[in-house]
Amino acid sequence: QYMLQQASQRLGLAVHIRNDGACSMAMILNPTKKLPGCEARQEDSLNVLKTKANPGDIVFFASLRTHRLTNQDKVRDPQEVLTYARSEFAHQQVSVAKAEAAELITRLEELDLQVLIDAPKPVLLLPPFRCSDWFNASNPVCKRGFYVERQFLLDIREPVMSALFELDTEHDNLHIWDPFPVLCPEDRCASFDEERLPFFYDGDHLSGHGNRVLYPSFTKVLKAIWQ
């Protein structure tokens, strides 16, 4: 939320944050509308926009749109993740989720609202906070390493990127922001920068430092939408 707070303070924006948890809207990766209770929660979010948003306002859907390699209680084999991402079932999930997003974007277009979606960011092999200090550097999970091959991450996010590009051509009010090149400009995506500051808190949630790194790119896309 650091980027939104900074945008509010520096650009004079009114920022309203709503967290729908597992009922993430416009996730693209997996369909969510039919999950228990999600359709009602999503309709409630839309009703809030109908009553409070003004024409030209930006609705930013921030979500995890790629497959995790680790979370707090387990790790996953990268090759198995890639195999699943390329599977027919995974592609079907993306297709259904894309249709959900298309319906949502259309409804927001009818309200004259702009939609901003972030493309999949890198994900890590381990949670940096468990390996970032001298006293936990010997944690066995740290053996997975602090780098992930850039091409591997591009491969696992490719189905979602294809869906995003299709949506972008179909909806004039949709804007795609891709933070991936900022967080991973080299052949390998790093968990830490040169000063040993982590880009992520765990395997996929940005740290405060990661937010600061992305802020210039984020504000650039906001200004492009306004122009």
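- Side chain of Arg65 to main chain of Met27: a donor-acceptor pair is present (N/O by atom type, distance under 3.5 Å, no hydrogens or angles).
- To the nearest 0.5 Å, atom SG of residue Cys23 and atom CG of residue Asp44 are 11.0 Å apart.
- Geometric assessment of Arg68 against the ring of Phe200 yields a negative cation-pi assignment under the 6.0 Å and 45° thresholds.
- Contact annotation: the side chain of Trp177 never approaches that of Leu222 to less than 4.5 Å [non-hydrogen atoms, C-beta and beyond].
- Both Leu214 and Leu13 are members of a single hydrophobic cluster when ILVMFWY side chains are connected at heavy-atom separations under 4.5 Å.
- No option in Arg157, Lys121, Lys220 other than Arg157 meets the salt bridge (charged side-chain N to carboxylate O under 4.0 Å, His left out) test with Asp178.
- Cluster annotation: Met3 is connected to Trp226 through the hydrophobic network of ILVMFWY side chains, with a link wherever side-chain heavy atoms come within less than 4.5 Å.
- Between Asp20 and Ser45 the shortest side-chain heavy-atom distance falls below 4.5 Å.
- How far CG of Leu116 is from CZ of Phe218: 6.0 Å, rounded to the nearest 0.5 Å.
- Once rounded to the nearest 0.5 Å, the distance linking CD1 of Ile105 with CG of Leu167 reads 5.0 Å.
- Between Ala85 and His67, the shortest heavy-atom contact is CB-CD2, 3.8 Å.
- At least one donor-acceptor pair closer than 3.5 Å links the side chain of Ser87 to the backbone N or O of Tyr84.
- Here the straight-line distance linking atom CZ of Phe152 with atom CG of Leu69 works out to 5.0 Å at 0.5 Å rounding.
- In terms of modelled atom types and a separation under 3.5 Å, the side chain of Asn54 and the main chain of Asp57 share no donor-acceptor contact.
- Using a distance-only test at 3.5 Å, with no hydrogens or angles considered, no donor-acceptor pair links the side chain of Thr66 to the main chain of Pro120.
- Contact annotation: the side chain of Leu153 approaches that of Val123 to within less than 4.5 Å [non-hydrogen atoms, C-beta and beyond].
- Across all non-hydrogen atoms, the minimal contact from Asp118 to Phe61 is OD1-O, 3.1 Å.
- Using a 4.5 Å cut-off between side-chain heavy atoms of Ile, Leu, Val, Met, Phe, Trp and Tyr, with links allowed through other members, Phe180 and Leu183 fall into different hydrophobic clusters.
- Of all heavy-atom pairs between Tyr147 and Leu125, the closest is O-CD1, 3.4 Å.
- The same ILVMFWY cluster, assembled from side-chain heavy atoms under 4.5 Å apart, contains both Val148 and Leu64.
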Worksheet item: Checking side chain to side chain contact (heavy atoms under 4.5 Å, CB included) for the pair Leu46/Met25: CA distance, chi angles, key distance, verdict?
Response: CA-CA 10 Å; Leu46 284 169; Met25 300 172 74; 4.2 Å; yes
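- His16 NE2: 12 or fewer foreign heavy atoms inside a 6.0 Å radius.
- Ring planes of Tyr201 and Phe129: parallel class, angle under 30° (limits at 30 and 60°).
- You'll find the ring centres of His209 and Phe199 inside the 6.0 Å limit.
- Of the N and O atoms on the side chains of Glu166 and Ser162, not one donor lies less than 3.5 Å from an acceptor on the other residue.
- Counting only distance, with no hydrogens or angles, the side chain of Glu100 and the backbone of Lys33 share a donor-acceptor pair below 3.5 Å.
- A donor-acceptor pair is defined here as one N or O able to donate and one able to accept, closer than 3.5 Å; no such pair exists between the side chain of Ser8 and the backbone of Gly12.
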Item to complete: Please assess Thr32 against Gln42 for the test side chain to side chain contact (heavy atoms under 4.5 Å, CB included), listing each intermediate value before the final yes or no.
Response: CA-CA 10 Å; Thr32 60; Gln42 291 180 6; 3.2 Å; yes
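- Of all non-hydrogen atoms in Pro159 and Val94, the two that sit nearest each other are O-CG1, 3.8 Å.
- Counting only heavy atoms from C-beta outward, the side chains of Asn173 and Asp112 never approach each other to under 4.5 Å.
- A salt bridge links Asp155 to Arg86: one of the charged nitrogens lies within less than 4.0 Å of a carboxylate oxygen.
- Interatomic distance, Thr169 OG1 to Leu164 CG, rounded to the nearest 0.5 Å: 11.0 Å.
- Crowding of Asp172 atom CG: a count of heavy atoms from other residues, nucleotides or ligands under 6.0 Å not exceeding 12.
- Within a 6.0 Å sphere centred on CG of Asp77, heavy atoms belonging to other residues, nucleotides or ligands number more than 12.
- Both Leu29 and Met161 are part of a single hydrophobic cluster, where members link through side-chain heavy atoms under 4.5 Å apart.
- Between Pro127 and the choices Asn71, Asp204, Val75, Asp202, the side chain to side chain contact (heavy atoms under 4.5 Å, CB included) rule is met once, by Asp202.
- Other residues, nucleotides and ligands contribute over 12 non-hydrogen atoms within 6.0 Å of the OH atom of Tyr2.
- Side-chain contact between Lys34 and Val96 is absent, with no heavy-atom pair separated by less than 4.5 Å.
- Between Glu149 and Asp187, the shortest heavy-atom contact is OE1-O, 3.7 Å.
- Rounding to the nearest 0.5 Å gives a distance of 12.0 Å between CG of Asn139 and CZ of Arg144.
- Other residues, nucleotides and ligands place more than 12 heavy atoms under 6.0 Å from the CD atom of Gln151.
- Contact detail for Leu4 and Val15: the closest heavy-atom pair is O-CG2, 3.7 Å.
- Using a 4.5 Å cut-off on side-chain heavy atoms (C-beta onward), Lys223 and Leu11 make contact.
- Of the possible donor and acceptor atoms, none in the side chain of Ser191 sits under 3.5 Å from a partner among the backbone N and O of Pro128.
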